[in-house]
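Quick note on labels: first sequence line is chain A, next is B, and so on, each numbered from 1.
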Number of protein chains: 4
Amino acid sequence: MSKLKEKRRNQILIASLQAIAEKGFHSLTLQDIADYAGVSKGVTNYHFKNKEDVLRHLLEWVTDKIYENEYNAIQQEHTAIGKLTAYVEAAFSTPAENKRFFRVYIDFLGQVRHNSNFKEINDKFYDNCWSIGREIVSLGQEEGIFPSNMDIEKASISIRSLIDGCLIQWLMREQEDLHDYYKTICLETLIASLTNNNVVNQ
Amino acid sequence: MSKLKEKRRNQILIASLQAIAEKGFHSLTLQDIADYAGVSKGVTNYHFKNKEDVLRHLLEWVTDKIYENEYNAIQQEHTAIGKLTAYVEAAFSTPAENKRFFRVYIDFLGQVRHNSNFKEINDKFYDNCWSIGREIVSLGQEEGIFPSNMDIEKASISIRSLIDGCLIQWLMREQEDLHDYYKTICLETLIASLTNNNVVNQ
Amino acid sequence: MSKLKEKRRNQILIASLQAIAEKGFHSLTLQDIADYAGVSKGVTNYHFKNKEDVLRHLLEWVTDKIYENEYNAIQQEHTAIGKLTAYVEAAFSTPAENKRFFRVYIDFLGQVRHNSNFKEINDKFYDNCWSIGREIVSLGQEEGIFPSNMDIEKASISIRSLIDGCLIQWLMREQEDLHDYYKTICLETLIASLTNNNVVNQ
Amino acid sequence: MSKLKEKRRNQILIASLQAIAEKGFHSLTLQDIADYAGVSKGVTNYHFKNKEDVLRHLLEWVTDKIYENEYNAIQQEHTAIGKLTAYVEAAFSTPAENKRFFRVYIDFLGQVRHNSNFKEINDKFYDNCWSIGREIVSLGQEEGIFPSNMDIEKASISIRSLIDGCLIQWLMREQEDLHDYYKTICLETLIASLTNNNVVNQ
DNA sequence: GATGAATGAGCGTTCATTCAT
DNA sequence: GATGAATGAACGCTCATTCAT
């Protein structure tokens, strides 16, 4: 595929992201995408097989972006707590960024069970998230601040679950000023659960 | 409102629940509702203002059901751990029940930000959930198994976040056999985070 | 199916027939059908599965009408030549009627190879036509005016082929005044071929 | 027009013929033509005014090909029956060739009445066919095997009608193995009708 | 000469909503 | 109370045509 075509496709994906972020997943029309991209109605179908194809690529793009952002963040830190903090910071990002990306992601969740392509992409996203969790937990165990008998798989699953759960609850409440509050809750709860020596996650 | 009218409305709501559980939120048509309810197409519009009105009542009904179920469960227990366990057990319910109710609830989440009625209902649901959390955390502090300086508000928020996060991740993976696994992870993580004496949730 | 529904469906079929007769098969839109039927655009899809379903029923209706008309005509006569004459007369009908029905039929022919439903209906039409031919040829042989060793199958095929060939050529020339001329040619050629004692159709 | 231009136009016409033969007249797109011709999408509009212009030239090309083939065939023979046989042989050609050319021709028939250009081309084709018929009938009368009082115009019209009628019926049945059967029926019927001394075509 | 990205009118189809019965 | 026929706006999608390169 040519550079130009690739650029056009990205332009359409970004337009779709913006359109969904503002108008919502379910009311998204091809006309919306065209309008946000500043092109004509037919362009989307010219560059993508169909609307579902756009959404699939968008989900992949969004989850990749979220993961990359989080992955890069934890690489900057070299302690378990440092990485964990960076992870949560990256996941929460800023209120604006979060709405732009994570809100669109939530819209996709409802579609996962109706679209195996979406499910596949989400499964990959989970895999990526768990790998971040494993990296943090392993390091914490090496550092001796996390119990050595802690089940890494379980822990990484619970980390992502709590992050998603907190983000969703924050987003649903639509109070931007609670952003820091939820971020703190998320991080504190993670630290508490991971550093408990009466660990049950075994 | 007459008993008959009330009965008809419930019949329609249950039919809608079933229809969404099987066919999905976005492909739900009034014809579907009528088919599942075994009535004619016009009935829905006769008993509800419009489709959105049905969905609003359904969301209310579903969140009430989820809450009631969880509330009743914790009333059976009289220790913090007992109540917490009962809470998670009730939230996870059975795979089938969970799909029936929580999957529909996830479908609604994407709509919350576009519909203030939906948001209001979800806010009420959160309030209810937090009250369950508060009850458990308070009792745990009285029992002395949870740190006395733990922030009850934060703890109750984190409890619900983790439950929702775990449920969503489990549902998205579509592997029924992981139901117990996720339930265990959820409960163990909650206990670990709540019983940590190096508590940071303060 | 109720009487009323059946009536509506017929109304739509007749509207489609008229629309195709005037505007052509390929430019026919659901809006055209609605306009000709004097109803709204959605009606067609309410009473038929889709556009193709309308066309299928229309082809069946048209071929049935053509056959019935021809069948009834030959029942009025009791000699081979009388029946043959009646057959050709009925097939040519009047210029107006012929345009209304046979022109639409020609439009369908191009679709037969792309639609097995259409092919099935056309095959049935051919079967019906051949049965008329067989009846005439058998009677002619009994009367002794057609060679007794004439192959009835072949003869009935050639009869319908000539009728269709003449009708198509007449219709393509779009000279209404040639209607009688072509009808005469068709009948004379049929009689000539069927009464030739140096018969080769054996 | 330059040789190159002429060559390109022929390339496009042949590609169109192939595309229609395989995909059908109504689903033919300019993209199809480009694909079959192995050129880019814009080429067709560069060498032809528009799509209809391509089809017009294609119809002309196809009818000319059919006629030429038939004309050349009868020039090889020198008796009426020989020429008639050669005519029918040429018209039926082989199953594959017939599908390639005559099936496309049938697709055009439905358009004739909506496009005066198409009609003109078809009228010319009929003229050519009738001239073949006249040549055969005249020779047969000279040879004394066809009645001298036979109407040459009528006879030539009936000859082409039967040929087209038989070809269409054979094509519609989509049974390749009936090719010889229909060819035989066509020829035998023609001979029977033309050699009948009780001739009515007068 | 040739390309193929872009356009936008127009298609078939869906479906919430209305309303006569 | 209940029905379901009818409506028509709005959707995803196709494709002939245009035109900058």
**Message:** With a cut-off of less than 4.0 Å, is there a side-chain N or O of B:K5 near OP1 or OP2 of F:dG1?
**Reply:** no
Would you mind telling me which of [options] lies closest to the side-chain atoms of [X]?
{"X": "B:H47", "options": "F:dA2, E:dA2, F:dC13", "value": "F:dA2"}
{"X": "D:V39", "options": "E:dT3, E:dG8, F:dC15", "value": "E:dT3"}
{"X": "C:Y46", "options": "F:dG12, F:dA2, F:dA5", "value": "F:dA5"}
{"X": "C:T29", "options": "E:dT7, E:dG4, E:dG12", "value": "E:dG12"}
{"X": "B:L30", "options": "F:dA5, E:dA16, F:dT7", "value": "E:dA16"}

**Asked** With ring centroids as reference points, do B:F108 and B:F118 lie under 6.0 angstrom apart?
**Response** yes
Rounded off to whole Å, could you give me the [atom1]-to-[atom2] distance for the [X] and [N] pair?
{"X": "D:D35", "N": "F:dC15", "atom1": "CG", "atom2": "C1'", "result": "13 Å"}
{"X": "A:K23", "N": "F:dA10", "atom1": "NZ", "atom2": "C1'", "result": "13 Å"}
{"X": "C:Q31", "N": "F:dA10", "atom1": "CD", "atom2": "P", "result": "15 Å"}
{"X": "A:F48", "N": "F:dG12", "atom1": "CZ", "atom2": "C1'", "result": "16 Å"}
{"X": "A:K51", "N": "E:dT14", "atom1": "NZ", "atom2": "C1'", "result": "13 Å"}
{"X": "C:Q11", "N": "F:dA5", "atom1": "CD", "atom2": "P", "result": "14 Å"}

**Message:** Using a strict threshold of under 4.0 Å (side-chain N to carboxylate O), is an ion pair present between D:R56 and D:E52?
**Reply:** yes
**Item:** SB check D:D123 D:K119 (cutoff 4.0 Å)
**Value:** yes
**Asked** Taking for each residue the nucleotide of DNA chain E bearing the nearest heavy atom, is the 5' side occupied by D:R8 or by C:L28?
**Response** D:R8
Is the backbone N or O of [Y] less than 3.5 Å from a side-chain atom of [X], with the two atoms forming a donor-acceptor pair by type?
{"X": "C:Q11", "Y": "C:A37", "answer": "yes"}
{"X": "C:R9", "Y": "C:H47", "answer": "yes"}
{"X": "A:D32", "Y": "A:T29", "answer": "yes"}

Side-chain touch [X]/[Y], heavy atoms, less than 4.5 angstrom:
{"X": "A:N115", "Y": "A:E120", "value": "no"}
{"X": "C:F125", "Y": "C:E60", "value": "no"}
{"X": "C:T63", "Y": "C:K124", "value": "no"}

Got a list of protein N/O to nucleotides 18-21 of chain F N/O distances below 3.5 Å?
none

**Prompt:** Within the structure shown, what part of the strands sits under 4.0 Å from B:I33 by heavy-atom distance: base, sugar-phosphate, or nothing?
**Reply:** nothing
**Message:** Using a 3.5 Å limit on both distances, find every run of at least three consecutive Watson-Crick or G-U pairs that involves DNA chain F.
**Reply:** E:2-21 with F:2-21
